J.: 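Mind looking over this structure? Questions follow.
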Amino acid sequence: MTITRFAPSPTGYLHIGGLRTALYSYLWARKNSGKFLLRIEDTDQKRNSFEAMEAIKQVFDWVGLEYDGDVYYQSKRFDLYKKYIDQLLNEGKAYKCYMSKEELTALREEQMANKQRAKYDGRYRDFEGTPPQGIEPVIRIKAPQNTIIEFEDGIKGKVSFNTDDILDDFIIARSDGTPTYNFVVAIDDALMGLTDVIRGDDHLSNTPKQIIVYQALGFDIPKFYHVPMILNPQGKKLSKRDGAMDAMDYKTLGYFPEALLNFLVRLGWSHGDQEVFSMQEMLELFDPKDINKSASAYNGEKLLWLNSNYMKTLSYERIIDDLKDLELDISAHPKKELLIDSHRERAKTLVELKTQIESIINKPREYDAKAVKKFLKGEWKEILTKFLEILKQNSPENSQDFEEMTVKFMEENDIKLGKLAQPIRIAITGSSVSPSVYDTMAIIGKDELVSRIENLLGTF
RNA sequence: GGCCCGUUCGUCUAGCGGUUAGGACUCCGGCCUCUCACGCCGGCAACAGGGGUUCGAGUCCCCUACGGGUCACCA
């Protein structure tokens, strides 16, 4: 069975890079009817993992990612790690190192000064004598020396390191007894039964360390997939300056979770020429082997385009619900479906949709000066007054009624639509931009239309 | 600096030894049209550079350049 995991360290919010690796892990597990687990890397007690946990849950909930079983907290598993530390100690695969922090720093500085790689010198590796007094030792693992560590990465292909180049007897437990990252990750991944570890490629160089732990403990080594980073539009490292980092911000900005996920899955992964993927299609088609080797730049335009695509196809219920989250409730509006249909092709985000809808359902607070200057000229007043009279004599209900009435009026008076439509549009919205006038007239209804036309006539 | 990874239009990408190097976003034209959009049609635009291997290289190998990651008693 395929078992994957998402293992964030609690930093406060879930950023889009994290969401993407979570998505990849999720898709791969679900596609293979496996399990997708969530583990919180909170061995560093200083951080508040509660808020971070809530943030992650909030995002998962919004986009619809579900993890299996309970959340694993590393902070609750210290006894377990202790057991393995003792085991390695007893087997002679790890040892106590009595070098103080100061000594270690001094050694490192000396090595740096000589332009050498900072590296523990192994002085306690085979220490037999009496340990110095007053020093709480750290535990170091006996790492293999001058050995090639090689593994087949599911994305990068064969990756190999020489142990002498990259590591020393690294610390697996601090002097206060708490275990360190590379040690606990290996243990947890093994104990949780991970078959496929999908993570950011910033972890690529941690992998040999973890492999050493797997080997020392006799665990099976999972398949690794190191996914490249997401860069900002300039091709540099993504930072807060580049806008929305927190996945949850996208909700506030009016994006659909479908669009965000679609955008993220396509960033670094593809399936031929296909651009739009439903969750169902992602589940059918996703395979981590198709993930690109190189980093990809964030492209907000494409996200917008994707979002506008979903805007065109999502159900009324969905859009009405999502608008409620943006504090616009049109669920009781008699023409709510027309309201959505007449705007969905004009709005790229829910925020835009909200603004546009409000510009119809609310009376204009002011009239756009440019529109007034451009369209309220010539005989507009006479035409509009005449139209108002006709309007009062009729009882149009829907767009078609309004259209028929208007067309008839234009024919009888030999007026072109342009002369009439723009003043009406200004009367309704205060601007010269809106959906079809017939739709907007139908949305607000006859009485409101009369009132708005009278307002315009009274203002100029 | 050591080690590791990467490099196809501005961006996301297809390509898996023989292609007029394809698609998408953006941008620019045109059509549609009551405005704005949508839609449709068309256009601009790429194999980092240099050596090999091969009848033939975007595809395989090497070097260079340029990016990125990582080198903690952080994760």
Side-chain angles (χ1 to χ4, degrees), chain A residues 7-11 41-44 46-47 74 97 99-101 104-105 108 112 115-119 136-140 153 155-157 159-162 164-168 170-182 184-185 200-208 226 228-229 231 233-237 263 266-276 292-306 308 311-312 342-348 356 371 374-375 403 406 410 416-422 424-426 429 431-438 440:
Chain A
S9 55
T11 50
E41 317 242 299
D42 58 351
T43 51
D44 185 348
K46 282 161 275 181
R47 306 202 186 166
Q74 291 187 324
C97 169
M99 218 170 153
S100 68
K101 273 186 192 176
L104 199 54
T105 310
R108 185 159 42 228
M112 301 281 261
K115 295 195 169 171
Q116 291 172 308
R117 189 171 75 80
K119 185 176 176 180
E136 283 302 322
V138 297
I139 314 291
R140 289 179 181 273
D153 188 277
I155 295 171
K156 309 272 188 187
V159 181
S160 80
F161 299 85
N162 184 309
D164 284 3
D165 289 333
I166 55 154
L167 50 78
D168 51 17
F170 59 93
I171 295 169
I172 58 173
R174 306 178 183 98
S175 47
D176 66 3
T178 58
T180 57
Y181 174 74
N182 285 117
V184 298
V185 166
D201 73 358
D202 48 335
H203 287 291
L204 193 59
S205 47
N206 282 325
T207 308
H226 287 95
M229 314 257 89
L231 274 19
Q234 288 72 240
K236 298 294 177 190
K237 193 172 179 175
F263 172 71
R266 260 306 265 103
L267 209 56
W269 174 86
S270 62
H271 180 76
D273 285 341
Q274 191 168 344
E275 296 289 346
V276 180
N292 276 196
K293 288 168 189 254
S294 55
S296 30
Y298 176 94
N299 180 196
E301 300 284 352
K302 194 132 188 183
L303 208 208
L304 267 179
W305 174 77
L306 242 10
S308 68
M311 184 72 82
K312 285 170 207 155
S342 60
H343 285 97
R344 71 197 320 165
E345 291 188 344
R346 281 159 242 267
K348 290 193 193 314
Q356 291 175 16
K374 189 167 179 190
F375 298 107
E403 179 164 4
T406 308
M410 291 188 299
K416 280 199 278 190
L417 185 55
K419 291 255 181 218
L420 181 62
Q422 287 305 67
I424 294 177
R425 212 186 302 277
I426 293 170
T429 67
S431 83
S432 58
V433 176
S434 87
S436 153
V437 273
Y438 306 127
T440 58

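Residue numbering restarts at 1 for every chain, and letters A, B, ... go by the order of the sequence lines. These numbers come from a predicted model, not from an experiment.
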J.: Can you tell me how far C1' in B/rU33 sits from the matching atom in B/rG23, rounded to whole Å?
T.: 29 Å
J.: Using the P atom as the point on both nucleotides, what is the distance between B/rG15 and B/rG43, in whole Å?
T.: 24 Å
J.: Looking at residues at least two apart in the chain, or sitting in another chain, which of them share a side-chain contact (heavy atoms from CB on, under 4.5 Å) with A/N299?
T.: A/E301, A/K302
J.: Please list each protein N or O that sits under 3.5 Å from an N or O in nucleotides 70-73 of chain B, with the distance.
T.:
{"residue": "B/rU70", "atom": "O4'", "partner": "A/S205", "partner atom": "OG", "Å": "3.3"}
{"residue": "B/rU70", "atom": "O2'", "partner": "A/S205", "partner atom": "OG", "Å": "3.2"}
{"residue": "B/rC73", "atom": "O2", "partner": "A/S175", "partner atom": "N", "Å": "3.0"}
{"residue": "B/rC73", "atom": "O2", "partner": "A/S175", "partner atom": "OG", "Å": "3.0"}
{"residue": "B/rC73", "atom": "N3", "partner": "A/S175", "partner atom": "OG", "Å": "3.1"}
{"residue": "B/rC73", "atom": "N4", "partner": "A/K101", "partner atom": "N", "Å": "3.4"}

J.: Can you tell me, in whole Å, how much space there is between the C1' of B/rG68 and that of B/rU19?
T.: 32 Å
J.: In whole Å, I'd like the distance from the CE atom of A/M229 to the P atom of B/rG69.
T.: 8 Å
J.: Output one line per pair: protein atom, nucleotide atom from nucleotides 30-32 of chain B, and distance, for all N/O pairs under 3.5 Å.
T.:
none

J.: Please measure how far the P atom in B/rU53 lies from the corresponding atom in B/rA14, and state the result in whole Å.
T.: 30 Å
J.: Rounding to a whole Å, what distance do you find between A/Q274:CD and B/rU13:C1'?
T.: 13 Å
J.: Distance check, P atoms only: B/rC16 and B/rG58, in whole angstrom units.
T.: 14 Å
J.: Is the distance from the ring center of A/F170 to that of A/Y181 below 6.0 Å?
T.: no
J.: With the criterion being N/O to N/O and under 3.5 Å, what pairs connect the protein with nucleotides 5-7 of chain B, and how long is each?
T.:
{"residue": "B/rC5", "atom": "O2'", "partner": "A/K156", "partner atom": "NZ", "Å": "2.8"}

J.: For a 4.5 angstrom cut-off between non-hydrogen side-chain atoms, does A/M229 reach A/D201?
T.: yes
J.: Mark up nucleotides 33-46 of chain B, 5' to 3', with B wherever a protein heavy atom is under 4.0 angstrom from a base atom, S wherever such an atom reaches only the sugar-phosphate, and - elsewhere.
T.: -BBBBSS-------
J.: Can you tell me the pairing partner of B/rU53 across any strand shown, Watson-Crick or G-U wobble, with both distances under 3.5 angstrom?
T.: none
J.: Taking the same atom, P, in B/rC9 and in B/rA45, what whole-Å distance lies between them?
T.: 14 Å
J.: Considering only atom P, compute the distance from B/rA57 to B/rC38 and round it to an integer number of Å.
T.: 44 Å
J.: Tell me the interatomic distance from A/L231, atom CG, to B/rU13, atom C1', rounded to whole angstroms.
T.: 15 Å
J.: Rounding to an integer number of angstrom, what distance separates B/rC71 and B/rG10 when you compare their C1' atoms?
T.: 34 Å
J.: Might you list the N or O atoms of the protein lying below 3.5 Å from N or O atoms in nucleotides 14-16 of chain B, with each pair's distance?
T.:
{"residue": "B/rA14", "atom": "OP1", "partner": "A/S270", "partner atom": "OG", "Å": "3.0"}
{"residue": "B/rA14", "atom": "OP1", "partner": "A/N292", "partner atom": "ND2", "Å": "3.4"}

